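Accompanying notes for the structure given below.
Every number for a ligand or one of its atoms is a count from 1 in the order of the listing. This is a predicted model, so every value here is computed, not measured.
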Amino acid sequence: MSIAGGVDKAPARGAAVHSTAMQIFVKNNNRWDGPPISDAQAKAFAAELKKARIPLEHVFAHTCYLINLASTKPDIVEKSVNALQDELERCEQIGLPGIVMHPGSHLGAGLEAGIRQIAELCQKVIARTPKVKTRILLETVAGQGTNIGAEFGEIGALLKQINNPARMGVCMDTCHIFAAGYDIRDADSYAKTMKEFDREIGFKNLKAMHLNDSKHPLASRKDRHEHIGKGYIGEEAFRLLITDPRMANIPMSLETDKDEDLTEDRENLATLYRLAKAKYPA
Ligand SMILES: [Zn+2]
């Protein structure tokens with residue numbers, strides 16, 4: 001949900017589409033730095049969330065797109081570490097339980113070296129923020145280029161090396177896992193994929209979900225989100241997912257294209273409510 005005008009403006013936008021969960025940025029998503037969140041904004045954010053009746057524990061952040069902890073360029077690594085620390089502190093300031101981050105791109109250095117570097121730098125940022133409770137949520141990715149985290153085993157290896165379950169977690173993105181080759185389109189493939197997720201990552205580490213359909217077929221390794229039920233994944237996968245008791249308390253967010261009037265959010269939410277056999281309030 002957009003934070004144009006300040007983070008405290010997001011809850012009312014959520015309320016306008018009857019959100020019960022929300023993902024936000026905590027600063028401009030295409031810049032290394034930004035103005036701090038003022039105390040007044042933080043207070044207003046809490047008050048607005050309450051008014052919107054969105055539980056704080058269902059609100060999570062996404063890091064800016066420039067961060068790459070696996071970069072081979074020292075200046076980018078330094079900027080990434082500092083930006084991640086800053087964003088974690090912003091999340092803590094407004095009480096968010098987690099911030100979603102793409103693990104990173106190794107740019108040719110190799111998977112193993114990339115995983116080692118991301119793990120070490122996560123540990124470094126965690127050590128620098130001992131009072132912060134916000135978790136870093138590693139997102140499953142589609143596997144474009146040298147991106148790390150398309151295989152569940154890669155995320156599992158990162159969690160194992162970082163070895164700090166209190167400060168780490170995972171965000172599963174339906175479009176990304178499908179693009180990475182994990183089928184979820186019917187009961188059998190869904191069960192198989194979730195079993196593998198549980199084995200390699202563990203449901204206890206799942207702290208957030210991104211619900212997106214895919215503009216490209218299974219295993220395309222292309223990250224292009226489509227509206228729910230309108231892409232190659234289709235409605236059945238989303239029905240299976242939102243009626244899966246293991247997902248009952250996992251906050252979920254759409255990341256699909258929308259206009260400022262949020263019509264597409266309402267349509268996608270209405271589809272999800274219909275699939276859950278529940279009534280969308282609008
Ligand atoms: Zn996502």
Side-chain angles (χ1 to χ4, degrees), residues 1-3 10 14 17 19 21-30 58-70 83-84 87 91 96-105 118 134-152 154-155 158-159 168-184 193-194 197 201 205-234 237-238 241-242 247 250-258 262 264-265 268-269 271-272:
M1 197 54 80
S2 164
I3 58 156
V17 298
S19 289
M22 195 165 61
Q23 174 176 258
I24 59 172
F25 292 106
V26 286
K27 62 178 238 321
N28 186 308
N29 58 332
N30 280 311
H58 287 177
V59 183
F60 52 100
H62 194 297
T63 59
C64 89
Y65 295 127
L66 304 173
I67 291 178
N68 180 11
L69 291 185
L84 179 57
E87 295 198 27
C91 289
L96 304 189
I99 183 163
V100 176
M101 179 180 75
H102 300 170
S105 305
I118 296 165
T134 308
R135 290 172 196 268
I136 300 168
L137 306 181
L138 301 173
E139 180 171 5
T140 59
V141 297
Q144 290 182 147
T146 62
N147 287 351
I148 297 166
E151 300 284 328
F152 293 158
E154 294 166 22
I155 303 270
L158 280 165
L159 291 180
M168 296 299 301
V170 169
C171 173
M172 188 199 294
D173 184 309
T174 51
C175 170
H176 297 175
I177 64 168
F178 183 74
Y182 294 104
D183 200 356
I184 51 172
T193 288
M194 293 305 158
F197 179 86
I201 294 174
N205 292 309
L206 182 65
K207 303 295 175 188
M209 291 278 316
H210 289 163
L211 299 187
N212 304 303
D213 209 323
S214 175
K215 278 191 197 294
H216 292 284
L218 181 70
S220 65
R221 297 213 148 218
K222 285 189 190 135
D223 177 10
R224 291 285 307 283
H225 300 176
E226 182 56 279
H227 296 293
I228 304 298
K230 303 275 162 60
Y232 278 91
I233 298 179
F238 294 98
L241 202 142
I242 52 172
M247 306 288 182
I250 309 297
M252 300 174 172
S253 150
L254 295 162
E255 292 182 315
T256 39
D257 280 345
K258 58 194 183 188
L262 308 178
E264 296 86 349
D265 276 355
N268 284 314
L269 284 167
T271 302
L272 291 166

*asked:* For I118 versus G104, what's the shortest heavy-atom pair and its separation?
replied: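 Between these two residues, the closest heavy atoms are CD1-N, 4.2 Å.
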*Taking both backbone and side-chain atoms into account, decide whether H210 has an N/O/S atom under 2.8 Å from the Zn ion (ligand 1).*
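Yes.
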*Atom name, E139 (N, O or S, nearest to the Zn ion (ligand 1))*: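 It is OE2 of E139.
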*If you measure from the Lys or Arg side-chain nitrogens to the Asp or Glu carboxylate oxygens, is any gap between K230 and D213 under 4.0 Å?*
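Result for this pair is no, no salt bridge flagged.
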*With no hydrogens and no angle check, do the side chains of H62 and E255 hold a donor and an acceptor under 3.5 Å apart?*
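Judged by distance alone, the side chains do not pair up.
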*To the nearest 10 degrees, could you say what angle the Zn ion (ligand 1) makes with OE1 of E255 and OD2 of D173?*
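The OE1/OD2 angle about the Zn ion (ligand 1) sits at 90°.
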_From L241 atom CG to M194 atom CE, the distance as rounded to the nearest 0.5 Å_ =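 Between L241 CG and M194 CE, I get 5.0 Å after rounding to 0.5 Å.
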